[in-house]
Amino acid sequence: MKFKKAISLALCAAMTLGCLAGCGNGEEKDVDLEEQEYPFKIEDLDGYVFTVADSNVARWFPEEGSSDIGNAIIRRVETVEKLFNCKIERIDCDTGQAAQAAMLGTKYADIIISPTYALARDLLRSKALVDINKLEGLNLDAEYWQRWGDTSILKYHDMIYALGAPFACQHDETFVMFFNKAIIEELNLESPYDLYARDEWTISKLLEYCRAAKKDLNGDGVFDKNDRYGITCGQEFDGPFVLYMGAGGRFLREVEDGHFEFALNTKDSFRIVNQVKEILDPYENAWQSDGLLPPEIAEAFVNGQTLFYFYSRGRGFADPIYDMEDDFGVVPIPKGDNAGPDEYHCWVSHDAPNMGIMANNPDIEKTIMITEALAYFAQEENEIEENEYLANKLRDDTAREVVSNINKYAMIDYAWVQWQLDMSGDNNGINAMCQAMRGICMGLTPDKQIMSSIQAIEKEVQYSIQELEDVLNQRN
């Protein structure tokens with residue numbers, strides 16, 4: 001795929017509010033937005049107030065002139081308001097209030113933007129979200145939904161209760177793997193780019209490279225935080241799960257009848273866990289990050305103390321990397337040893353934004369029309385953000401291509417939806433599973449084996465799975 005280096009002039013023209021520059025004479029020419037052709041229905045909504053529940057103010061009302069992206073967001077909101085004669089307002093997202101409104105049968109908002117981990121705890125359990133697949137007027141197959149949203153990773157059976165939307169894009173919350181080119185050269189290793197190009201970037205290769213990278217940097221004969229290792233994760237909790245899922249492992253797998261099966265208790269899964277355990281072995285292959293803040297962890301990679309660093313680029317945790325002295329590259333999370341062609345899996349963080357459409361809305365048709373228009377016009381800001389990131393943060397075309405196309409590898413596991421139900425309810429299976437895997441892979445419980453640890457909690461996991469199915473199927 002070719003890397004798109006510029007925003008489409010036609011798209012920018014269609015999205016500019018009120019005026020376009022004249023043909024070289026510096027004059028401004030009025031444009032009637034209603035005369036433009038759009039792939040959605042337009043109606044005069046007579047001042048309808050469209051309420052967004054989202055705690056991120058910058059997604060809707062950034063300061064004018066603050067940035068090109070901010071200006072594009074302002075154009076998106078004002079254009080939709082003008083086209084539909086409506087008013088868009090934002091309130092802070094409070095999933096507890098949303099749940100209470102659902103139980104009372106009253107409207108809370110038109111749409112809500114919530115992180116993945118909060119979906120089940122309040123919104124799904126209280127039936128606060130409608131099944132988006134049942135709504136007419138959202139063109140989820142359109143290029144702008146597919147390119148800038150993730151419309152299938154939270155799909156269950158034939159239902160979609162939440163998804164990444166173009167105006168709540170998840171791209172920067174998809175995990176990638178950074179590598180230090182200088183260390184690759186020092187160790188005379190083949191570039192991960194070449195392995196990726198040949199479809200040979202696997203978890204076994206990652207382990208091989210991590211073993212090669214270990215070095216007593218200060219020569220004191222003791223391996224500690226001052227020395228070099230193979231890898232570190234931007235937040236220590238996430239590491240085992242990202243590598244396991246990247247290699248094709250699953251915690252919960254949907255089967256044909258819409259039920260989930262526990263997928264961690266198989267020989268293939270145990271094999272992958274043991275590979276992850278070896279990669280993340282502290283002071284052997286992994287730089288010990290337990291208890292440290294994300295900026296401290298990123299600095300270890302920047303300072304040349306790890307060959308690899310993996311995390312999402314959202315929330316600024318990886319920002320120190322872009323100014324590091326050594327050159328760096330970006331590849332997907334390595335795939336499983338037995339995976340098929342181009343079968344990479346990059347976890348979308350459970351902190352990623354998801355859009356849901358709220359229940360108990362007597363004006364649902366208006367909500368759908370405005371939501372579709374907002375998705376269409378959000379293309380401009382996403383193009384600007386991506387092109388600015390690719391041009392200003394990354395250093396080579398392969399990294400740019402990987403990041404710009406990372407959406408095709410994006411995935412989640414429904415364990416992270418159920419995890420919050422476990423944390424707030426009576427079941428503890430998924431939470432116990434997460435703690436067991438983290439303890440084993442991060443060296444916190446070195447004497448335990450994954451097989452015996454998982455077998456000890458299988459009954460609890462089954463209870464959690466049943467609760468998740470009940471919630472997703474909206475059973476009381």
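Keep in mind that this is a model prediction, so the values were computed, not measured. Starting from 1, each residue takes its place in the sequence as its number.
Relative ring orientation between H171 and W148 is described as tilted, the plane-to-plane angle lying within the 30° to 60° band. Note: Y322 and Y389 have perpendicular aromatic rings, judged against thresholds of 30 and 60 degrees for the angle between ring planes. Between Y38 and F40, the ring planes are parallel. Angles under 30° get that label, and only those over 60° would be called perpendicular. The aromatic rings of F260 and Y414 sit tilted relative to each other, their planes meeting at an angle between 30° and 60°.
No hydrogens or angles considered: nothing links the side chains of N139 and Y144 as a donor-acceptor pair under 3.5 Å. A donor atom on one side chain and an acceptor atom on the other are not found under 3.5 Å apart for Y311 and S349. In summary, the side chains of N360 and Y108 do not present any donor paired with an acceptor at a separation below 3.5 Å, with no hydrogens or angles considered.
Checking side-chain atoms of Y309 against main-chain N and O of C233 turns up no donor-acceptor pair under 3.5 Å. Between the side chain of K127 and the main chain of Q474, a donor-acceptor pair closer than 3.5 Å is present. Judged by distance alone, with hydrogens and angles left aside, the side-chain atoms of D413 form a donor-acceptor pair with the main-chain N or O of A415 at under 3.5 Å.
In summary, the aromatic rings of W201 and Y344 are positioned with their centroids too far apart to meet the 6.0 Å limit.
The pair D110-K366 does not count as a salt bridge, with every side-chain nitrogen at least 4.0 angstrom from each carboxylate oxygen. The existence of a salt bridge linking R313 and E385 is confirmed by a sub-4.0 Å separation between a basic side-chain nitrogen and an acidic carboxylate oxygen. Remark: E236 engages R438 in a salt bridge, criterion side-chain N to carboxylate O under 4.0 Å. For the pair D92 and R90, the salt-bridge criterion is met [side-chain N within less than 4.0 Å of a carboxylate O]. Salt bridge absent: K87 and E89 never bring a charged side-chain N and a carboxylate O closer than 4.0 Å.
Between L468 and Q418, the closest heavy-atom pair is CB-OE1, 3.1 Å. Looking at every heavy atom in both residues, S55 comes nearest to C93 through OG-N, 3.1 Å. Residues I272 and G249 share a closest heavy-atom pair of CD1-N, 3.9 Å. For the residue pair R76 and E381, the shortest heavy atom distance occurs at NH2-OE2, 2.5 Å. Taking all atoms of both residues into account, the shortest heavy-atom contact from P115 to N354 is C-ND2, 3.9 Å.
Between I111 atom CD1 and D54 atom CG the span is 8.0 Å, to the nearest 0.5 Å. Separation of atoms CG (D172) and CD1 (I406) is listed at 12.0 Å; rounding is to 0.5 Å. The CG atom of N285 lies 9.0 Å from the CD1 atom of I231; values are rounded to the nearest 0.5 Å.
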Can you list, pair by pair, the side-chain donor-acceptor contacts under 3.5 Å of residues 174-182, counting residues two or more places apart and other chains?
unit_1	atom_1	unit_2	atom_2	d
T174	OG1	Q170	O	3.4
N180	OD1	A182	N	2.9
N180	OD1	I183	N	3.0
N180	ND2	D326	OD2	3.2
K181	NZ	D327	OD2	3.2
K181	NZ	D396	OD2	2.8

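Within 6.0 Å of CD in E388 there are more than 12 heavy atoms belonging to other residues, nucleotides or ligands.
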**Request:** Under the side chain to side chain donor-acceptor pair (under 3.5 Å) rule, what do S191 and Y196 come out as? Steps first, then yes or no, please.
**Result:** CA-CA 9 Å; S191 171; Y196 175 56; over 6 Å; no
**Request:** Could you give me the CA-CA distance, side-chain angles and deciding distance for F310 and D238, then say whether side-chain contact (heavy atoms from CB on, under 4.5 Å) is met?
**Result:** CA-CA 10 Å; F310 62 109; D238 297 323; over 6 Å; no
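In this structure, N431 and W419 have side chains that are in contact, with non-hydrogen atoms separated by less than 4.5 Å.
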